[in-house]
Amino acid sequence: PLAMREQGIGGVVWLRVWVDGEGRPGEIRLARGSGYRLLDDAAMRAVRHWRFVPARSGDQATASWVEFPIRFALSG
C-alpha cells in the first residue's frame with residue numbers, strides 16, 4: 001500500500017488459502033500477520049484475484065489448502 005511505502009514500511013504476510021479444483025481461491029486466512037493491518041489486508045485482497053495451479057490426485061485436479069508468504073519489500 002502507498003501509505004506504508006511512503007513510511008518506509010515493508011513486511012511479510014503468511015496466508016493460508018483454500019484453492020478449489022479449478023485453481024480459484026476460496027477461503028483466505030491470515031496464517032501469520034506482518035504486524036501491520038494495512039499490509040495484511042492488502043495481501044488478502046490481492047490473493048482474491050489470483051489463479052493457482054490446483055493440486056492433483058493422479059490426473060484429477062483437486063481442492064486443497066496452500067500456505068505461502070507475500071513479501072512487501074521496498075525498492076529504490
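Note that the coordinates shown come from a computational prediction; the quantities given were computed from them, not determined experimentally. Along the sequence shown, the residues carry numbers beginning at 1.
- Nearest approach of Thr62 to Pro54, heavy atoms of both residues: O-CB, 4.0 Å.
- A continuous path of ILVMFWY side-chain contacts below 4.5 Å connects Ile28 to Val66, so both sit in one hydrophobic cluster.
- For the atom pair CG (Leu15) and CZ (Arg29), the distance works out to 12.0 Å, reported to the nearest 0.5 Å.
- In the hydrophobic clustering of ILVMFWY residues, with side-chain heavy atoms under 4.5 Å counting as a link, Val17 and Met44 come out together.
- Closest approach of Ala61 to Gly21, counting heavy atoms only: CB-O, 3.2 Å.
- Here the closest non-hydrogen pair linking Arg56 and Asp59 is NH2-O, 2.6 Å.
- Counting heavy-atom neighbours within 6.0 Å of Arg37 CZ, excluding the residue itself, gives a total of 12 or less.
- Rounding to the nearest 0.5 Å places CZ of Arg24 at 13.5 Å from CH2 of Trp18.
- Within the 4.5 Å cutoff, no side-chain heavy atoms of Ile70 are placed close to those of Val12.
- Val47 is connected to Val13 through a chain of hydrophobic side-chain contacts under 4.5 Å among Ile, Leu, Val, Met, Phe, Trp and Tyr, so both are in one cluster.
- Across Arg51 and Pro25, no two heavy atoms sit closer than the pair NH1-CD, 3.5 Å.
- In Phe72, the CZ atom is crowded: over 12 heavy atoms of neighbouring residues, nucleotides or ligands sit closer than 6.0 Å.
- More than 12 non-hydrogen atoms from other residues, nucleotides or ligands lie less than 6.0 angstrom from CD of Glu27.
- Trp50 and Phe68 have parallel rings, their planes meeting at less than 30° on a 0 to 90° scale where 60° marks the start of perpendicular.
- Looking only at distances, a side-chain donor or acceptor of Asp40 sits under 3.5 Å from a matching main-chain atom of Ser34.
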